[in-house]
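Letters A, B, ... are given to chains in the order of the sequence lines, protein chains preceding strands, and every chain is numbered from 1.
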There are 2 protein chains.
Amino acid sequence: MENQDIKKAGLKITLPRVKILTLLEKHGGHLSAEDVYKILLDEGEEIGLATVYRVLTQFESAGLVVRQNFEGGQSVFEIDSGTHHDHLVCIKCGKVEEFLDATIEKRQEAIAKKFGFTIKDHALVIYGCCDKAECNLE
Amino acid sequence: MENQDIKKAGLKITLPRVKILTLLEKHGGHLSAEDVYKILLDEGEEIGLATVYRVLTQFESAGLVVRQNFEGGQSVFEIDSGTHHDHLVCIKCGKVEEFLDATIEKRQEAIAKKFGFTIKDHALVIYGCCDKAECNLE
DNA sequence: AATGATAATGAGAAGATTTCTCATTATCAC
DNA sequence: GTGATAATGAGAAATCTTCTCATTATCATT
């Protein structure tokens, strides 16, 4: 299944690649390269951090995963669901919610047009506190 | 003038701080810490890179400058104009345009409310190619 | 204007994230 | 199975940023 996606990307089907892709699919969430590395180590895999970075970058180029550059250091990766979406990030607990707003998408196109830009990509991240009690203390 | 802003922030008025703030005001654009450092060196100032980072972070906390985390490494800083705005960045030549769209701002509030988030901050960056000929080659 | 408490500086070390190098190993078309 | 080639893992290195600490500058008080 996912193995064919790897092959279609022009990459050989190797254990590290299958493990990383499976992990991202299983986890569903937004994992950093180091998260992926540690989880695989915990699961008893022998894998190098350099391989994780390399493979994630290759998957990104191949369109299998999407990289998000949230504030504060590490990039995080998620399986490319095929449908673009933006993110809400809780700055207290780290919870990430996804959303897609047609109005915002349309306005962006209009703005780019006004400035003579051709959009290649965009990143909208809303940082805030989610509704959990412990995320709303002073 | 700007010296009072430094004092109001609870910081002593020192040569490095005045130089950095003046440079950001004069330049107007979006400069990285290293840009600031190199320009000041070129102007014959004696300043350390650590001081530039330290001062920019202090200015950010004080609300004098705003930090932008565009893709690809370094943070860039600009004088806080007082009015929030988002950015269009040309991925070819690096040109940065600023915009503010009331519709997008309102939609963000609605989305945060729907998810139970209290917005603290947000970052919207549109990456694309600007209308210069050399930025639209394949 | 001199003094002294305190904050700020500059230089280099160190931390954090990511990429590179290269010898060894695995994949896969034949 | 074999061999050409790609991929891996380990550590070095690159990049950006922060930390440490001895020295220096600021500024309220004299």
Original post:
Within this structure, what is the NZ-to-C1' distance between B/Lys19 and D/dA25, rounded to whole angstrom?
Top reply: 16 Å
Original post:
Where the side chain of B/Ala50 is defined as all heavy atoms beyond and including C-beta, which of C/dT18, C/dT9, C/dG12 is the nearest nucleotide?
Top reply: C/dG12
**OP:** For B/Arg67 and for B/Lys7, locate the closest nucleotide of DNA chain D by heavy-atom distance; then report the residue assigned to the nucleotide nearer the 5' terminus.
**Re:** B/Arg67
**OP:** Take atom CG of B/Leu15 and atom C1' of C/dA7, then tell me their distance rounded to the nearest Å.
**Re:** 16 Å
Original post:
Among D/dT8, C/dT9, C/dT27, which is the nearest nucleotide to the side chain of A/Lys12?
Top reply: C/dT27
Original post:
Within the structure, does a side-chain N or O atom of A/Ser75 lie under 4.0 Å from either OP1 or OP2 of C/dT18?
Top reply: yes
Original post:
Just by distance, with hydrogens left out, do A/Glu105 and A/His84 show a side-chain donor and acceptor under 3.5 Å apart?
Top reply: yes
Original post:
Hey, which of B/Ile126, B/Asp131, B/Leu88 is the one that makes side chain to side chain contact (heavy atoms under 4.5 Å, CB included) with A/Phe115?
Top reply: B/Leu88
Subject >> Whole-Å gap separating P (D/dT17) and CZ (B/Phe59) >> reply: 17 Å
**OP:** Could you check how far CG of B/Leu40 sits from C1' of C/dT9, rounded to whole Å?
**Re:** 14 Å
Original post:
Nearest-Å distance, CG (A/Asn69) to C1' (D/dC16)?
Top reply: 14 Å
**OP:** Check for a donor-acceptor pair, side chain of B/Tyr127 on one end and backbone N or O of B/Glu71 on the other, with a separation under 3.5 Å.
**Re:** yes
Subject >> Euclidean distance, atom CG of residue B/Asp35 to atom C1' of D/dC16 [Å, nearest integer] >> reply: 13 Å
**OP:** Examine the side chains of B/His85 and B/Glu97 and answer whether a donor and an acceptor come within less than 3.5 Å of each other.
**Re:** no
**OP:** Look at B/Thr14 and C/dT9 and indicate whether a side-chain polar atom (N or O) is within less than 4.0 Å of OP1 or OP2.
**Re:** yes
**OP:** Would you mind reading off the distance between A/Ile47 atom CD1 and D/dT8 atom C1', rounded to a whole angstrom?
**Re:** 9 Å
**OP:** Examine C/dA8: is either OP1 or OP2 under 4.0 Å from a nitrogen or oxygen in the side chain of B/Arg54? Give yes or no.
**Re:** no
Subject >> Interatomic distance, B/Tyr37 OH vs D/dT17 C1' [rounded to whole Å] >> reply: 14 Å
**OP:** With the side chain of B/Gln74 defined as its heavy atoms from C-beta on, choose the nearest nucleotide among D/dT8, C/dT9, D/dT17.
**Re:** D/dT17
Subject >> A/Thr57 side chain near C/dT18 phosphate (N/O to OP1/OP2, under 4.0 Å) >> reply: no
Original post:
Between C/dT19 and A/Tyr53, is there an OP1 or OP2 to side-chain N/O distance shorter than 4.0 Å?
Top reply: no
**OP:** Check each of A/Arg67, A/His87, A/Gln68 against A/His30 using the side-chain hydrogen bond (donor to acceptor under 3.5 Å, both in side chains) test, and report the only one that passes.
**Re:** A/His87
Original post:
Closest nucleotide of DNA chain C for B/Gly48 versus for A/Gly73: which of these residues is on the 5' side?
Top reply: B/Gly48
